[in-house]
Number of protein chains: 2
Amino acid sequence: MRGINHVRLREVREQRKISLRQLAAQVGMSAALISQVERGVTAPSLETLRKLAQALDEPLFNLLDEPEERRVAVVRRERRLRLLPPDGAVAYARISPGFGRLEVLEGVLQPGDSSSPAPWGHPSEECAVVLEGDLNVLVEGEVHSLSAGDSIYFDSRLPHLYRNDSQHRTVYIVAITPPSY
Amino acid sequence: MRGINHVRLREVREQRKISLRQLAAQVGMSAALISQVERGVTAPSLETLRKLAQALDEPLFNLLDEPEERRVAVVRRERRLRLLPPDGAVAYARISPGFGRLEVLEGVLQPGDSSSPAPWGHPSEECAVVLEGDLNVLVEGEVHSLSAGDSIYFDSRLPHLYRNDSQHRTVYIVAITPPSY
DNA sequence: GTACGCGTAAAGTCACACTTAACGAGGTGA
DNA sequence: TCACCTCGTTAAGTGTGACTTTACGCGTAC
């Protein structure tokens, strides 16, 4: 009976062991509404959904029950997609399969090279870990120096750039969500 | 003027170089509505938003403009949070800072050890890359054997488990979105 | 018993998510 | 200079469905 408007509310609420009325009181709406929403009888407004997400301390998009491809994909090292850099600086290989909400890349930077000619932003979040060598990450004009094992996390919308200012090659892994590279 | 109901529609639509009327025709709604939604004059229904997301080929949650902490966080190798495994098998270290939509972990498995006593699922997607050694990943009962450099991607809701069936230690990195470990 | 709590059902109402239609501003070609 | 596109915006009007209140049935504790 799960309609097109289904949201994963009940699941989350029950996990928190909160009753309908408790939750309703907390967000200032009627318990009946939440019941209706949980059973897909009524579609909640965005505003309502936001309030619920906040009360449950869940990111909003976590309540949205998107149809997913429940697939498993293995990518072998030698089958990785090599991303040709627009201007030949960084060598990126895509570790993730190319679908899903998550993109993982391996970047290799030779001394002096950088991931792009100029800092730029895209609407995602990313986290990079250095596997080998040293890496300078420019975010919003500020330089962060990382060594092997260090990581950096930032909102990708801030203009950014990876650069190898050392004398040896640098290898790092970047995880991006949602994919926008 | 961006209200509480703001959705990142215009941004995405303009990027695709689609006009209001084109998009409206495509999803079968009026251009005026889209204009109103884009400017935050009117809040779209979930249903409407879903249609738009589909037409633009964007995941729904990508259109939702959640208030973000536009922060940059660096985590040094020695400052990583060590996650104590519930039952002492895997040694996880959190590479990501602990906020945001993305969680990145480094897992180390000694021979014979596994990430948890039994396969389990959580509502996310994850991608794992093997850095060192060999790794068996059980997803939905099926075993996938990975060597250094190989990776696997799957819907974390499928019951899964990481296991080291080899004679030497295994190191791997897992990226998870949204965080739910 | 009766008095809580739980989730559900039914019925009513008003906001607001939508429509259609008209508007002003650019651009383009005859 | 027209007329004639197309762009996004505005204004006004309407219907529906997202909400409320109230009442119900069930379990459980005292």
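So that the names make sense, note that chain A is the first sequence line, chain B the second, and so on, each numbered from 1.
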For every nucleotide of nucleotides 4-17 of chain D, 5' to 3': is a protein heavy atom under 4.0 Å from its base (B), only from its sugar-phosphate (S), or from neither (-)?
---BBBBB------

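- In this structure, a donor-acceptor pair under 3.5 Å is present between the side chains of A:Ser156 and A:Glu126.
- The shortest side-chain heavy-atom distance between A:Ile173 and B:Leu131 falls under the 4.5 Å cut-off.
- In this structure, A:Ile34 places its CD1 atom 9 Å from P of D:dT20, rounding to the nearest Å.
- A salt bridge does not link A:Arg77 to B:Asp150: none of the charged side-chain nitrogens sits closer than 4.0 Å to a carboxylate oxygen.
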Pair A:Glu106-A:Arg80, salt bridge (Lys or Arg N to Asp or Glu O under 4.0 Å): steps then yes or no:
CA-CA 10 Å; A:Glu106 185 194 70; A:Arg80 287 179 185 169; 3.3 Å; yes

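- Spacing between atom CG of A:Leu9 and atom P of C:dG7 amounts to 12 Å, rounded to whole angstrom units.
- Side-chain N/O atoms of B:Thr48 include none lying less than 4.0 angstrom from OP1 or OP2 on C:dA17.
- Across all strands shown, A:Ser30 has heavy atoms under 4.0 Å from base atoms, whether or not it also approaches the sugar-phosphate.
- Side-chain atoms of B:Asp134 and B:Leu146, non-hydrogen and from C-beta on, never get closer than 4.5 Å to each other.
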Run B:Asn164 and B:Thr170 through side chain to side chain donor-acceptor pair (under 3.5 Å) and show every step you take.
CA-CA 7 Å; B:Asn164 179 1; B:Thr170 298; 3.1 Å; yes

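- Residue B:Met29 contributes atom CE, which lies 13 Å from atom P of C:dA17 at whole-angstrom precision.
- Going from atom CG of A:Leu33 over to atom P of C:dA10 covers 17 Å, rounded to whole Å.
- Regarding A:Lys51, its NZ atom lies at a distance of 10 Å from the C1' atom of D:dC19, rounded to whole Å.
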